[in-house]
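Values reported hereafter were calculated over all heavy atoms of this structure, with side chains retained and with hydrogens, waters and symmetry mates removed. Lettering of chains follows the sequences in order, A, B, ..., and the numbering in each one begins at 1.
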2 protein chains.
Amino acid sequence: MRKKIKPSKLSEYLKEKIEEAIATGVFSPGMKLDEIDLANKFGVSRTPIREALIQLASSGLVEIRPRRGAVVTPIDPKKLYEMFEVMAELEALCAKLASRRITDEELINMKKIHEECKKTEIIENPDLYYYKNEEFHLALYKASHNDFLIEQTTNLHKRLSSFRRLQLRVRGRILSSLREHEEIINAITNGDADSASQLARHHIIIQGERFSDLLATLQPDR
Amino acid sequence: MRKKIKPSKLSEYLKEKIEEAIATGVFSPGMKLDEIDLANKFGVSRTPIREALIQLASSGLVEIRPRRGAVVTPIDPKKLYEMFEVMAELEALCAKLASRRITDEELINMKKIHEECKKTEIIENPDLYYYKNEEFHLALYKASHNDFLIEQTTNLHKRLSSFRRLQLRVRGRILSSLREHEEIINAITNGDADSASQLARHHIIIQGERFSDLLATLQPDR
DNA sequence: AACGGTGTTTGTGTATACAATTTATAAAAT
DNA sequence: ATTTTATAAATTGTATACACAAACACCGTT
């Protein structure tokens, strides 16, 4: 008893809903996901819930322990750093390919997004910046013109989103972020694949490196 | 009516079985995977079959079209090239990290595997070389000491395995492969992260580049 | 012969029922 | 009081049942 619209595939719809709930922190890391609870909450049977959870498990957002149910994947600082390490490389590849393959149109659009990022009301609001920043990165991925890469990178991006959001609250991070974006755009504009790649890598890896510290201040709820 | 051993989770077991059947070509690309057929074949109900298919769909091995069932993901030359492009970058990252993090033990083991690859009886048998080659690459991934990277790379490796296997039948490919492995090992031994990274990238990308040609000679069965 | 409508069939998607395990609870023993 | 063991409760994993949409075949019309 939740929604009127009836999607052709409930499990797909539920997957997105649960994904969203995890991203926005409604379901926090370590939290147990009871199939029956979820089924009641969404007014469906266990079957599509299970199928949604299986998909989320494949993408790493939840963990399914055999016979012991599903939990939102707990935050593991080590693994998180590892994920940033991989993310950095994927974004670097996006940037490298983008430098060679971006269309005029895409480049103009990217610059437009960047200009919007720089607006003061956005700079001063981490939540607003979060969305614009996301737009920028998605535009970068698309400019790689490698659909498989776009898919993989977008996936990992999603999985790291909540952490990146936190990261933006660190003093001065938004301004550094903007500067880095600008450098990346310049490199791409000049078709300098190597620079673009290195800059993009650094743009991500720096977040991973700072994360260990940031995480130390957090208490993962069990 | 197939196996005596009873795994704790049928869907996991079935996932592996179907995965294997796809890798070995028993289920060829484009082939329809009827849930009821599979259920009968394995002597189980549709439920665990569905769950297995969903997992395989998340990993990209099969495609599930809503209301139209599952098929083994058809070969798309463009996408395949894209996958190699990403794979090259992941392996490059493995090599880079390995140069910095590999243990003495791991390095010795890697050299041992490489020596085994060079044995004549293996060089002359693409199928044998396939397995030894795989060992080499898995050792490289592990040496990165980044569990998330290992997982991602191993996944993609699996997905490309059947194509790599084909690739090994190209005249002279095995010998080039060996030479490239040797160069990678040397770079890692010297702790030369940049060279190792570039060599590993090239080792993979060359396969992707040659694949368009190779694929042209194949007829994807519908 | 080609085209399009209509009824049938097949197969997916979801719900429900049952089986098998783990977790919680409580009693008994040290 | 604490640990151990037995029993009950709860939850996952699998099987079956049902609903509905898509594919198919058949037939009449043009």
**OP:** May I ask you to decide whether B:R50 forms a salt bridge with A:E51, counting only side-chain N to carboxylate O separations under 4.0 Å?
**Re:**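 Yes, charged N to carboxylate O under 4.0 Å.
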Subject >> Phosphate OP1/OP2 of C:dG13 contacted by B:R50 side-chain N/O (<4.0 Å) >> reply: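 Indeed, a polar side-chain atom of B:R50 lies that close.
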**OP:** Would you tell me if any nitrogen or oxygen in the side chain of B:K32 comes within less than 4.0 Å of OP1 or OP2 on C:dT12?
**Re:**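 For B:K32, the contact criterion (side-chain N or O under 4.0 Å from OP1 or OP2 of C:dT12) is met.
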Atom [atom1] of [X] and atom [atom2] of [N]: how far apart are they, to the nearest Å?
| X | N | atom1 | atom2 | answer |
| --- | --- | --- | --- | --- |
| A:I36 | C:dC18 | CD1 | P | 16 Å |
| A:I54 | D:dG13 | CD1 | C1' | 10 Å |
| A:I49 | D:dT11 | CD1 | C1' | 15 Å |
| B:E51 | C:dG13 | CD | P | 13 Å |
| B:Y13 | D:dT14 | OH | P | 13 Å |
| A:D34 | D:dA9 | CG | C1' | 14 Å |
| B:R65 | D:dA23 | CZ | C1' | 12 Å |
| B:F42 | D:dA15 | CZ | C1' | 18 Å |

Original post:
Between A:P66 and A:P48, which has a closest nucleotide on DNA chain C that is more 5'?
Top reply: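 So the residue in question is A:P48.
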Where the side chain of [X] is defined as all heavy atoms beyond and including C-beta, which of [options] is the nearest nucleotide?
| X | options | value |
| --- | --- | --- |
| A:S45 | D:dA15, C:dG11, C:dT14 | C:dT14 |
| A:R46 | D:dA21, C:dT14, D:dT14 | D:dT14 |
| A:K9 | C:dG13, C:dT21, D:dA15 | C:dG13 |
| B:R68 | D:dG13, D:dA23, C:dG13 | D:dA23 |
| B:V44 | D:dT11, D:dA15, C:dT14 | D:dA15 |

Original post:
Looking at A:I64 and A:L53, what are the two nearest heavy atoms and their distance?
Top reply: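 Looking at all heavy atoms of both residues, the closest pair is CD1-O, 3.9 Å.
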Original post:
Which pairs pass salt bridge (Lys or Arg N to Asp or Glu O under 4.0 Å) with one or both residues in residues 137-166 of chain A, sequence neighbours excluded?
Top reply: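 Applying salt bridge (Lys or Arg N to Asp or Glu O under 4.0 Å) to every pair that reaches into residues 137-166 of chain A, excluding sequence neighbours, yields A:E19-A:K158, A:D127-A:R165, A:D147-B:K78, A:E151-B:K79.
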Subject >> Parallel, tilted or perpendicular: ring planes of A:F211 versus A:F163, cut at 30 and 60 degrees >> reply: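 It falls in the perpendicular class, over 60°.
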Original post:
Under 30°, 30 to 60°, or over 60°: which ring-plane class applies to B:H137 and B:H203, parallel, tilted or perpendicular?
Top reply: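 Judged by the thresholds at 30° and 60°, the geometry between B:H137 and B:H203 is parallel.
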Original post:
Does any N or O donor sit under 3.5 Å from an N or O acceptor when you compare the side chain of A:R67 with the base of C:dT22?
Top reply: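 No pair found.
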